[in-house]
Every structure is written in C-alpha cells, then in structure tokens.
Amino acid sequence: MLDQRFDPAASEAQIYQRWEEADCFKPSGDTSAEAYSIVIPPPNVTGVLHMGHALNNTLQDILIRYHRMTGKNVLWQPGTDHAGIATQMVVERQMAESGSNESRASLGREAFVERVWEWKEESGGQIIGQLKRLGASCDWSRTAFTMGEDGSDDDQMVRAVRKVFVDLYNEGLIYRAKRLVNWDPHFQTAISDLEVENKEVAGHMWHFKYPLAGGATYTYVEKDEDGNVTLEEERDYISIATTRPETMLGDGAVAVHPSDERYAPIVGQLCEIPVGPKEHRRLIPIITDEYPDPDFGSGAVKITGAHDFNDYQVAKRGNIPMYALMDERGTMRSDGAPYAEVAETAGRIARGQESFDEAKITAMNLVPDEYRGLDRFEARQRVVTDITAEGLAVMVADAEGTETPLVENKKVMQPFGDRSGVVIEPMLTDQWFVDAETLAKPAIEAVKTGKTRFVPENWEKTYFNWMENIQPWCVSRQLWWGHRIPAWFGPTADKKENGALDVYDYQGQIFVGESFEKVKQLASNYYGYPVSEAESITELQQALFSEENNTSEVQAEFKFLDLRPKSIPLVQDPDVLDTWFSSGLWPFSTQGWPDADGNEDLKTFFPGSVLVTAFDIIFFWVARMMMQGIHFMGEVPFKDVYIHALVLDEKGQKMSKSKGNAIDPLELIDEYGADALRFTMAAMAAQGRNVRLSKQRVEGYRNFSTKLWNAARFCQMNECANWEGALDPTTLTQPVNQWIVGELAKTGAEATTAIEEYRFDGAAGAVYRFIWNIFCDWYLELIKPLLNGEDEEAKVETRRTAGWVLDEILKLLHPFMPFVTEALWEQLGEDGPKRDGFLMLQAWPTYDEAFENATAAEEMDWVIDLVTEVRSVRADLGVSPGSKVPASLVNASETNTARLERHGEVISRLARLEGLGVVEETPEGAVTTVVDEALLALKIADIIDIGEAKARLTKEIAGLEKDVTGIEKKLGNENFVSRAPADVVEENRQRLADGKVRLEKLKGALARLAQL
RNA sequence: GGGCGGUUAGCUCAGCGGUAGAGCACUACAUUGACAUUGUAGGGGUCACAGGUUCGAUCCCUGUACCGCCCACCA
C-alpha cells in the first residue's frame, strides 16, 4: 500500500542512485536507432547551482528523457568549464580570506595553478551533485572538463585546444598584434568586448583651453544656420571638452572636422597641452579628421590614441603618436626617463624634427613627475585642479556676472569589467586575436540557410546583428588559470653567410606549435641552431649573454652579433586563452576530437540535436561554437538552438546574490521536491519571455504531485494498478472507459507535439489538465459506482482501464516529474506482475485513432454537463450540499433517456439526486433548468428562495439573449454570409438554433417558477 | 542612436482572425468514505490608446504612449 503521500526528501536520492547504478543514463548504443544528443552548457567547475541552471537543465532533461523514451540513442553530455577569471578570482579571494599570508604572487605561477587544481578537485563535484538532485539524466561517466583531466600536454582536451589554435594560426586566422584592448586593471588582463559592461554613470565634462603655440591668435567666428555671424572674437586658444582630463597628458593632436570653418585658420598649427610643468609644455598639432562632429561641444577633439577607441582610429589614420600613460594596474606610469627629457623628445616629434616608431613611443612616459604613480582617478582630479588654477579652464558667467569654470554634470557611458566591476581602461598591448570576421561568414550562412535554426526564431536577428558586425576577438588573457597559449617567443635573428647569427631582440620571433617538441623543430630549422626552452626572459637573457654562447662583441643593447650559440632559448607565451576559446569547441572536444579513436562518438553524437541556453550567452558561446564548429568540423555543431528565458524574481528583477533576491533552487528542492521545481520551470518556460519565479507556484505543483499520488493510491486500493500488457480500446464496453482512453490519447498527442516544438509550457499544461481536471475530477469519480458495483465484467474492464491509464499518465508525466512517477511505477508494481524495468526506459506512448470514440465522448460530456448544471443550480439556490434532491428529466430524447439509464446512478451520486428518471410532465414544485434538449426538474421549490431562482434564470436568459441577438445580427449581415467561410456560417446558424431552443425552454422555466 | 520584446482578471502569465483562458489570490459552501498539499460553486476583463485592413480584430498593418532588455565611439 502506498504511503499517505510522496516524500521527495526520502525518495529522490535513492531513486536517482538506482537509475545511475543501472546505467540508465548511458546511450542505448543502438546504432540503428536515430541518435539524439545535447551537450550541457558547462557550468563553472567551482560554481553552485542557481535558478538559471535549474531552468536550463530541467528543459534539457525533459528533452533528453522524452527522446530516450521514444527509443533514440540518446546522449546528454555533461561537464564543467574551467571559467578562467571566475575561478582564479575565487581561489585568490579564498587565500585572502584565509588569513594566511599567501597570495597569487607569493605562490608563483606553478604553485598557484596547483592550488586551483586542488580547489577544482575539492569543489568540482558540488555542482554535479546538485544537477543530480535536480534529476538530470546526464551520462556522468563521460563528464568532461574544458581543461581536461590535469591540463597536461597529452590530455585530449588540451590537444584539441592547441590544435585549434595552431591550425587557425597557420591559416592566418589567429595573429598577434599591438592593439588597443579593454584592460581590466583589477585582474590585470585584457578582456574581450563582451566582458565589458557599459553603464551610464554620473560624470563631468570639463572644458579647457589649449593655447596656440607662441601666443598666436586667430579670429574665431560662429554662425547660425542662416550664415549670420553670432560670435566673433580674437582667440589665442582652441577649446576642448573632455570627460577624462587625465588622458590629456597623452594627447598626440587636436582634431577638427575638415569642413569646420571656425578652425580652418589654425589647422596645421601647434597648440599647447595646458598641463604639466610650465617650462616643458608639450605642443601638439591641430589636424583634420572626419571623426569630430562640428555640432558637438566645441567641435574640436583631443586625440589620445593610447586611451580611447575612437582616438585610436584617428591616430592611426593621421600617424599620430599614441602615448601610453598607465601601467597594468591603471595607475599613472612611473617608469622611464624623467618627464622633462621625454617631453622634449615628444616636442621634437610633434614638430616633425624627429622620427618615431612604435617601440620608441611605447617607451616614452609622458606623465609629469608629480603625477607619476598616482591612481588614474586621483590624477584626473589633480589635472583639473592644476589647469583651473592656471586659468586655462573655459569660464562661464552666471546671472550676476561671476565667472566659474565650465563643468557640465552629465551622464556618461563608462565601461566596467563584468567580473571585477572596476572601470575598464583602453590599453595598448600585444595580444592574440582571432579573425572573427572570416569565421563568422559561414556561421551566418548556416543560420540563413536553416542548417541551424533558432527557436524562437526572432533570436536569429540578434545573432545576425552581432555576427555581421563582429570585431577581432582578443583571446589572450594575462591570467594563470587556463589553457596556456601554445606559442613560443625566440630572438629575432639574421643568419649570416658564415653561419653565425646576428640577434636583435629577445623575443621578436614567434613559433606556434602544439607542443614544445614541434616548436623546437620549427625553430631550429629557422635558426639553424638547436633550441631549448627557457622559463623566462631572464633566463633567455642569461643564455644569450653567457660566455659559452656569446662569442661575439655586444655592439649595443639588444644586439648580439656573430653569435654561434649551442642552443637558442625560447620562452613560452605566459598568457592563457579566453575561457570561451575552449568552450567554443565543446560540442566536438567532448566527443574525443581530435583523436581518431574518438570518432565513433563524434560520428554518432555530432552535430548535436539541439543546444539549450539562455539568450545572454548567444554571443559568448553559441556564436563561438558555430564559428569554431563549422571551421573545424565542416558542419554546424547543432541543428536547433533553443533559447529560453532568464529566471527573474517575483518583481521581475534579475536574481543575484548581491541584491539578495536570489532563490536557491536547492532550498526549493528540499522544501517541495525536485519534481515540483522542475514542473514549475517547464510550466513557466513560455517562449521568449522571462520567468518570474514565486514559491507559491512551486508549492502548487508540489500539490499537483500529491494529487497524482493520491489518485494512484485510490487506484491501488481498488485493485486497478498494474495490469499487464497493452490495452485494446476496441474491446471496451463502458462509455466512461471508452471516453477516458480517448481523452488520454488527445493529451498524449498534444504533449508530444508540444515537446517536439519546444513548447514546454504547453506540454506541461496538457498533462496537468488531463491528470487533475479530467482523470481525477471526473474519471475517478465516475467509475466509483462501477468499482463498487455488481457487474463483474464491467468492474474488471474498469480496473484494467483505470490502471492502464494511470500507467500511461506516469509515462507522459515522467520527463517533467521523473521522481514521483518512477516511485509510483515501482510501488504500484509491487502488488502485481513485475514491471518491465524502470519507468524512465519505457516507450513513450503513442495512440492510434481507435482510442478516440466520439459517441462515448459525447455521452460523457452530456453526463458531465448534467452534473455540473445540477451542482450550479444547487449552489446558487443555497440547497444544502449534503441533501438529496428528488429530480427528473422532462421530455428527454431517446438518446438521452438511454444515457440516463446507463449513468443515472453515478449522476445521482455526483449531483446528490434521488429518484432520477425520465418523465413527460414537469412535476409539481419543481425548479427547472435546461440540459441539452431536455428540462431538468429539481423538486426544491419548497426549500429555496423562489426569488433567487428567478434571478438566476433571468440572468441566464439575459446572457443568452445577448448572444442570440449578436448571432442574429451577424447572420443578417449579407457580407458575412457571402464572404465568411461556409463552416463558420454553418456553425453560427447551429449556435443560433441551439440558443433559441434553449432560450425558449429557459423562458418556460421562468414562467413556471412565477406560478409557484 | 539602432534592434528586440512587452502592455489581456487583484497578481503572474497563456492564447490569437469568428463564443476571452489558466494558476494563485478573493467570496460562499462542504470534512468518516484516494486526496484539506482537498472538493463544489461563484465574482472579476472596453484584451494600453488611436487609426487602417477585413463580412468580422484582443489577434494582422500603421502610428502614439508608457515599461523592459540587448547593442552602439559622441569627445
């Protein structure tokens, strides 16, 4: 006998364990069956399950369980992501909080990475355990990790990443370049555009005067739209607006639009940056460029190529030097020569008296001595203060004529690191870039031609928009935790005819290969000398300088001539790859690529059937998988991309720990069970919307599972449970049984279609309604008389049908509520013939047309309508619920007379009636109502308020009259009759006829009431 | 500035060219009879606004207003 209710806390883990031990999650291996595969979006290895995961993985598990039941060879590929920045951050924070003196720096690279591996081993199982609690039926024996087992050279995952890097490099699709990139001063690494969040913050716009060189002046003229002069004055300066005064120190020019007549007289002249020691004021040229907007601000823009993305473009176009001002922590540089000296050089460059190259500019630190080492925001304040003190701020007069510096308070968009939260600084650095534009082209094409389909479709637009405007992808990170870039730097060297080398710098030459062994070959061919691996530049320097190697004279710094070294030292790039670089390979790297022996799985399970993810990582992940998948596999990585909503709190806010509004899915599982949470996720997963989660909703679905449990309990008590074999609907004789199997078939079809179309809410809703509103509310009530009756044949048939329908219900509900359904499947099976294995491995139900019996459906609808009508009348007229009311059906048709004979007992029972039969005359003292063609008479006139009964009828008549009038009007409209589809017209005629008949009867009933 | 989406019952949301729906909440009644994590009945909506297309619009089109989100370089 089943317990009173299902206890998720006690059962779920145990059921899960038995599935797992029985290898239920593994692919069937039946290669004759269609393959169905999904790769899990790998959660951060050290992460914890949040509501987004709960939704994401519930939907995947529904698909996986459904397709597994349909007999496919199903793989749900699990795994975790090493999550470079996030994990490194966690471990660093732990060390800081532990109170020990250890830090990343103190440990050094090797020990620190070792520590992260330890942390991965320690906490990496947590999220997987949590996914198991949710019921995720992944094949855990294949659990993958984006860094492989141990990150060693021969690890398959590592080899996959290296091969991709090397191949792309050799194809010219990965290159190293000095570019302006987003720099995170907190983590001290470059990050990609996507990892930057632009936020609007309160800022200021300062206006400063850049005096013309040598006190030159010009006539500044402003005109309105009609060309009338509105301002004309002599000026000895050009006015500049900036939100970032500290970057003035690195200005290389002032730019104006070529069409801007105001500044035409001074284009080509020099002006002075109004900051820094007076005696070393730096001069910069006034140039023209298309970039400045003459209508914005003063129309003149300072150009700081090394600290602003727009300025960078202008500087590149105009060959303007880009002076870097900050170090990797975002503080003002304090390296290099004293300011006076550097400013002098810069001056000569500006006047065209000295040539320059990239290396030279990079080495120049133009931060005045007194600002060196300052934090960038502190420096900003100092610059503003100093300029203002000198009277070079643009002044504005108030109403009383008092002049104050012009400082506009305005909202400015500022870039923040999505992980660090600090202001991102554009920095000129050497980084590795992927030519995303080239890779994007076939990825765009694949979606255009439908090889990959977005569901819902509208996300294609988002995808196209981003892909068509894609920028080079910066893939190098100055972190320690991640895939080390397989590139080695060696000295730039010329080979001389005598076989000796002239070496010009330490690491100008790049060798890319999958291992040092391969690179060694490349490099020794290149140099004509053996090569060795050095740990660092220092080591490399020492090697080059060492006596035994250096047979030459050192002519100048960085130059070694006539070198005949025993070996040439190479240093591996210290940087690691962007996490998404390896995540992008996930669909095939998890299937054994690039190894030949991995190809069976690869053939079977690649491409994936569908990728299930939220829209916030379309760019980060989906796009990258598309690009890398198509490039390396020659095929799209998945056929469908199902984009689901974000989980928000009840108020529609994004859940986050910091806001404190996060609901922990594990707490919900503890409280209501995984099934309830899963069903909530499915029911709320309407396409293209956000999911607002409330506990109440989860509680409601927990109640649903209890409802099912009790229905099963009822079946069990009545010996309905667990009958063997299939059910042949054509052998059924009882209308109620014929009807329920038809309703079940409809539900099955509805649920199946909905799942196939990724309408999880539709599928969940269909099953929910069938179970609660049809099976429990009606069917179980309707069969009670049969189960308790004398007719043995009918009893057997009913037990059999009820038990069979219940089993079918368990199958249909299983993908949504795997635990309670599996528990019922098992426990119901205990009394009868043994179950044929786990529910989760049963075949998904399909039903042919024989299950639908229209006659039985009409009959049972009539029964239900009749009962409902009586209940409604009774409730409205205040008849006490317990009392039995004498009732009869007046002038019923033959059909309904027969129906009443069959179902009179159950109708009487459900509607609390007695003496129910068919009569020809309306009995005395009866209140009547209309059911179908007949009048239903209830002998309650003496116990109710006649006024209320009248009111009830009057209201119904009024409503019906409104309907009838509306339809009459419609049918009176010639255009409607002639243009509307025939079936719609016919339907309306029928409704009108039915309505009129009913109306007449209701009016008759009201008249009769009036006589009482 | 560009793009996407939303506006339907008190709340959260489905629906979608032809009778406006669900869950929760609310109201009334019901308790030995599978289930109070329950049952029965009920109240509640000019489907944001304005035009248009159509025999017919909550649904399609155009515009307006608010509300979200994403992308974007205005110093």
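Residue numbers start from 1 in every chain, and the chains themselves are labelled A, B, ... in the order their sequence lines are given, proteins ahead of strands.
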Let me know the distance between [atom1] of [X] and [atom2] of [N], rounded to the nearest Å.
{"X": "A:R912", "N": "B:G33", "atom1": "CZ", "atom2": "C1'", "value": "11 Å"}
{"X": "A:Q827", "N": "B:A34", "atom1": "CD", "atom2": "P", "value": "19 Å"}
{"X": "A:I303", "N": "B:C74", "atom1": "CD1", "atom2": "C1'", "value": "12 Å"}
{"X": "A:M684", "N": "B:C24", "atom1": "CE", "atom2": "C1'", "value": "11 Å"}
{"X": "A:Y463", "N": "B:C71", "atom1": "OH", "atom2": "C1'", "value": "17 Å"}
{"X": "A:R989", "N": "B:G18", "atom1": "CZ", "atom2": "C1'", "value": "15 Å"}
{"X": "A:D616", "N": "B:C69", "atom1": "CG", "atom2": "P", "value": "13 Å"}
{"X": "A:F208", "N": "B:A75", "atom1": "CZ", "atom2": "P", "value": "15 Å"}

For RNA chain B, the dot-bracket pattern of Watson-Crick and G-U pairs whose distances stay under 3.5 Å, | for other-strand partners: (((((((..((((....[..)))).(((((.......))))).....(((((..]....))))))))))))....
Base, sugar-phosphate, or nothing for [X], non-hydrogen atoms under 4.0 angstrom?
{"X": "A:K410", "result": "sugar-phosphate"}
{"X": "A:R874", "result": "nothing"}
{"X": "A:R5", "result": "base"}
{"X": "A:D293", "result": "base"}
{"X": "A:S880", "result": "nothing"}
{"X": "A:F704", "result": "nothing"}
{"X": "A:K962", "result": "nothing"}
{"X": "A:C776", "result": "base"}
{"X": "A:F309", "result": "nothing"}
{"X": "A:W206", "result": "nothing"}
{"X": "A:E671", "result": "nothing"}
{"X": "A:R871", "result": "sugar-phosphate"}
{"X": "A:T242", "result": "sugar-phosphate"}
{"X": "A:D876", "result": "sugar-phosphate"}

Just compare B:A34, B:A41, B:A75 and give me whichever is closest to any side-chain atom of A:S872.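 Within the option list, the nearest is B:A41.
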Report the nucleotide, chosen from B:C69, B:A34, B:C4, that has the shortest atom-to-atom distance to any side-chain atom of A:K461.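 Ranking B:C69, B:A34, B:C4 by closest atom to the A:K461 side chain puts B:C4 first.
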Return all side-chain donor-acceptor pairs below 3.5 angstrom for residues 782-789 of chain A, not counting sequence neighbours, or 'none' if the list is empty.
from   : atom 1 : to     : atom 2 : distance (Å)
A:K784 : NZ     : A:E781 : OE1    : 3.3
A:K784 : NZ     : A:E781 : OE2    : 3.2
A:N788 : ND2    : A:K784 : O      : 3.1

Heavy-atom protein contacts under 4.0 Å, nucleotides 26-32 of chain B, coded B base, S sugar-phosphate only, - none: ---SS--
